Amino acid sequence: MNAPLIGARIPRKEDYRFLTGAGRYTDDVTLPHQTHAVFVRSPHAHAKIKSINSSRAKSAPGVLAVYTGDDIAAAKLGGLPCGWLITDVNGQPMKEPPYPVLAQGKVRFSGERVAVVVAETLDQAHDAAELVEVNYEVLPAVVDAVKALAKGAPALHEVAPDNTCYVWALGDKSAVDAAFAKAAHVTKLEFVNNRLIPNAIEPRAANGSYSRADDSYTLYVASQNPHVERLLMTAFVMGLPEHKVRVVAGDVGGGFGSKIYLYAEDVVVTWASKQLNRPVKWTADRSESYLSDAHGRDHTTTAELALDKDGKFLAMRVKTAANVGAYLSTFASCVPTILYATLLAGQYTTPVIHCEVTAVFTNTSPVDAYRGAGRPEATYVVERLVETAARELKIDAAEIRRRNFIRSFPYQTPVALLYDTGNYDATLDAATKMADVAGFAARKAEAAKRGKLRGLGYACYIEACGIAPSAVAGSLGARAGLFEAGEIRVHPTGSVTVFTGSHSHGQGHETSFAQVVADRLGLPIDSVDIVHGDTSKILFGMGTYGSRSIAVGGTAIVKALDKIVAKGKKIAAHLLEAAEADIEYDRGVFTVKGTDKKKMFGEVSFAAYVPHNYPHDKLEPGLNENAFYDPTNFTFPAGSYVCEVEVDPETGVVRIERWIAVDDFGKIINPMIVDGQVHGGLAQGIGQALTENCHYDASGQLVTGSFMDYSIPRATDVPMFEVDTRETPCTHNPLGVKGCGEAGAIGAPAALMNAITDAIGAKDLPMPATPQTVWRAIQNEKAA
Amino acid sequence: MHPFIYHRPANVNDAVTLAAKGPDHKLLAGGQSLVQAMKLRLSSPSDVIDLGSIKDLSGIKASGSEVTIGAMTRHAEVEKSPEVRKAIPALAALAGQIGDRQVRAMGTLGGALANNDPAADYPAAVLGLGATIVTNKRRIPADEFFKGLFETALAQGELITSVVFPVPKRAAYTKFKNQASRFAIVGVFVAESSSGVRVAVTGAGPCVFRQKDMEKALAAKFSPESVAGVKQAASGLNSDLHAGAEYRAHLVTVMAKRAVENALK
Amino acid sequence: MAVRVSFKVNGKSVSSEVEERTLLVSLIRDTLRLTGTHVGCDTAQCGACTVMMNGRAVKSCSMLAMQAEGAEITTIEGVAKPDGTLHPMQAAFKEHHGLQCGFCTPGMVINAIDFAKGNPNPTEQDVREALEGNLCRCTGYHNIVKSIMAGAKAMAAAK
């Protein structure tokens, strides 16, 4: 028997093609007779379109067509839908203004698509795009959520004259107010959770084509969930039968949320391919990505924590204005609500919590889920409050957490979630030890001698992953199910193809999912291939986001494996002339209980396809099973991060000296891959806290519109990470897994800001803590 | 990128004859700024004159008192040149801090100077060392070369052929990088030579400039303490999302102090 | 207008008619169909387009194709041995999980090989500084740094 594969550090199966340039990303796809699309984008954040003259562009060399909003309206294409209905505090549905794929009469953010030029070559399309004359009447713009709520602010949509999409609340307000009234101490913070731009290194791309032969479409697209993309595009926008559209998301160069959504460009190239009867390809320039990819975060929050004199948490009160941008992107509405307020208990027994969220339209790019999606914002609220409270009450920051940890499971939080399991002491104890917190005072003193300010910060995060039980999601407004599907196709010679509705865009599913299957079937990992990302091959899929792949997609595969094994037992019983009940199975070997009689998996699968000696009266030939899995609860990964920084008071430069991350992801399939996911998440969280900031000026121009002005971390900005795990298996899926993709991005910002504020002795500091921001804060502390 | 006509002259004469035809005839050195600007359609020359085939424009020659570097010499060559490292280690170190190693493999000294980006590194060394810019027509002292934002003393059809750097007693360059672009928010080059002390500041203002108060202080005593108390006025300095004028002014002093420390190491 | 450019790619001579404004990366990807070289930005920062030209890593998005006249270019497709055996740097990236989505990887590997030629035993800091021109959004660089340190040693040992 082979060595166990689950839990093994196995190099990735997908690496060879990526390392040799054989990956196949969307822009690598070239179709016969392909044309090229370039979008004309609004230079204004808010304007009426008085007229569009595309006659010069249409007669430019190589140009095949120029389409505007009028063409889209004439074709009766719908707007982009929002997949989650939030019901407001008055029981009314959220405001859902139309989101046309090409602007109709008005533009509402700089970068909005106004027209598309399709030409024989990309250069010709670019040349002609400059010739499209758009006559705008510029309107006043508003980019800040709080300002957009003020009386007299420019209104974006007729259906929402006060720019409010919804006001939503969770928790028992009167109980919270009562607890605050009696509290010995209240800690209060007001801050902005800064707007981020996802910046997957592969820009978005789409290549649509149409076949007259069977009246069908194929869309190659950089997507995290091709089936959802197809569902939304066919059912809500184009009115096409789903079976006439194939969506292929091959290799995708990172997503981080930004490639979950149905984007206007995807629809336009698909639609245009039929108009022109030729494939239409579009690939974003990085500048277009900055302008038009869904952004992340952008909360303005007031948060309060009530405590008794011993540092026990009594209540939490949170009020947030969430900037959703100019239109509702696919999952925009659930991010600052369902994925945010429900996490405000954190790892603590805070008995009552109230959170009110106002979602606000502004003249900015739509905001949607970005790595962590709501949970980083929640963790930031909780962990900044907790650390600040500890400082105010002069209680050790780890100790105040320990006084409030949840220790009894299952645990029903006051914000709707039921934590199935966890051990928060285990990760905090391990992190504190690894970080040598005991030696910190000496290190701080030593740094002071060199003129440097040293600080230490914690974050103990929790997240809800394995999204999601469909019934729960549905009751909260989801307009789709959130199950996953998998199929195991055993070939006659014993190799296996696995089809999964999860999508890998860096996570390494082709390896970790293959480990699960090969381990169970007793096969070498090279005998198992994972196929994902093609609606014509995979039965169905809800895709990859919210750290759901292994917990939901992996479980669907396990369910299909169960069926394979069950059928295999029947075949083996026949071959071994034993009763089915006496057949035992373990990792590729069928045995008759209490005997040495056995059949290998390969013999059984061969018999299924060459059924000469086969129980035809009881069984169909073949060995191919599928399963759908709908989770019964969320999973709850949690962990403790400790970060130690040194600040140069002369320049404000923050240097991360050490980063310790101890996570509890339940069972781990491939620790090498899990470590990598943590590293990447940490770097994105560090980016939010130290370098990244999406900035629009008051007129709505995106100031940080390229890598020249928007700073994602480089290698010199991050340290080597010290990571470890503790394991409390998830109680409600067969693998015991919880998911690991977002943890780093969720926990890192709070840990880092806690460390920096500790170093410079400030109560709070805006993110990102750029050198100038830190230097100014130090000047202010000196002055005060 | 807009269409243009491409030229690849074999010698300096042919290049400058083409370049003299008008401002829409652009000289292409390494292309690390020009190609970017053309890609983004911010620059749309009618003609591009590629200097890549003119062999005698690149190379490094060192005598006892000066180092001469050809205009088409790549940053990477300056960074790694044993002659430069020996004679003016601060110049090699500065070249090693420009952009990134791929950019340094293509970018050239002449291209950087002719472009005169306000946040570029080389102008600080050229002004800080009091170098001489040699063109096909004349020799231009550094003090007369940098005229303003992306502006130099070069006339249309004038081509930098080399730069002559006097060898200082000691020198150093300290750069505070923009987190995103990695250009200088503030870069300070200090040099002490027999003719005196020079302090050149890049990144902080619309154009590289000499910090004369610091030069005076350092001429009296070349030590970090001499500049630590010399304040740079904030007025006239650049102010943007990354760094306001007041912060930049503060950084000029800090970077100058650190440059002096490094020069004394 | 079209102009002709001739150079060697991965050991093979190529000669192509291109528009003057064609970037080297477009020629490599669209005409030669060597799609392992990627485009991740338009401001020459991400480094996904890095190729080796005359033995030096350069950004092929920041060059006109014409600037490569007569040059010897190596793209990621030309790095492994003809029999498919990975170059020691590629092998190190696989061994140390130095890639996730794979999009920045070709540029990372090419730049790392060039860097390692002159730095057979680099420190962590050396490697981080050498990656100034290569952005990765997946790995947090941790495993890329480990890969390059190991790959550099393996390259030196293979000499």
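Any value given below was found using the heavy atoms of this structure, including those in side chains, with hydrogens, waters and symmetry copies removed. All chains are named by letter (A, B, ...) in the order of the sequence lines, taking the proteins before the strands, and each is independently numbered beginning at 1. Model, not experiment: these values are computed from the prediction.
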Does [atom1] in [X] sit with more than 12 non-hydrogen atoms of other residues, nucleotides or ligands closer than 6.0 Å?
X        : atom1 : answer
B:Lys39  : NZ    : yes
B:Lys26  : NZ    : no
C:Lys153 : NZ    : no

Counting only non-hydrogen atoms closer than 4.5 Å, can you tell me which residues of [range] sit against chain B?
range                       : answer
residues 85-110 of chain C  : none
residues 120-136 of chain C : C:Ala130, C:Glu132, C:Gly133, C:Asn134
residues 51-71 of chain C   : C:Met53, C:Arg56, C:Ala57, C:Val58, C:Lys59, C:Cys61, C:Ser62, C:Met63, C:Leu64, C:Met66, C:Gln67, C:Glu69

*asked:* Would you say that C:Thr43 contacts B:Leu40 through its side chain, given a criterion of any heavy-atom pair below 4.5 Å between the two side chains?
replied: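 Yes, side chains in contact.
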*Which one, B:Gln32, B:Met38, B:Lys80, leads in non-hydrogen pairs under 4.5 Å with chain C?*
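Ranked by contacts with chain C, first place is B:Gln32.
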*Between chain C and each of B:Arg8, B:Arg104, B:Met106, count heavy-atom pairs under 4.5 Å; write down the option with the most.*
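Looking at each of B:Arg8, B:Arg104, B:Met106 in turn, B:Arg8 comes out on top.
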Name the region of [X], side chain, backbone, both or neither, that has any atom closer than 4.5 Å to a heavy atom of chain C.
X        : value
B:Ala180 : backbone
B:Arg74  : side chain
B:Leu28  : side chain

_B:Met1 versus C:Leu23, closest heavy-atom pair with distance_ =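 Minimum heavy-atom contact is CE-CD2, 3.7 Å.
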*If you look at every heavy atom in C:Asp114 and B:Arg101, which pair is closest and at what distance?*
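That would be OD2-NH1, 3.2 Å.
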*By salt bridge (charged side-chain N to carboxylate O under 4.0 Å, His left out) - contacts of B:Lys86 (at least two apart)*: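 Salt bridge (charged side-chain N to carboxylate O under 4.0 Å, His left out) check on B:Lys86 returns nothing, list empty.
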*Taking atom CG of B:Asp47 and atom CD of C:Glu20, what is their separation to the nearest 0.5 Å?*
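Those atoms lie 9.5 Å apart.
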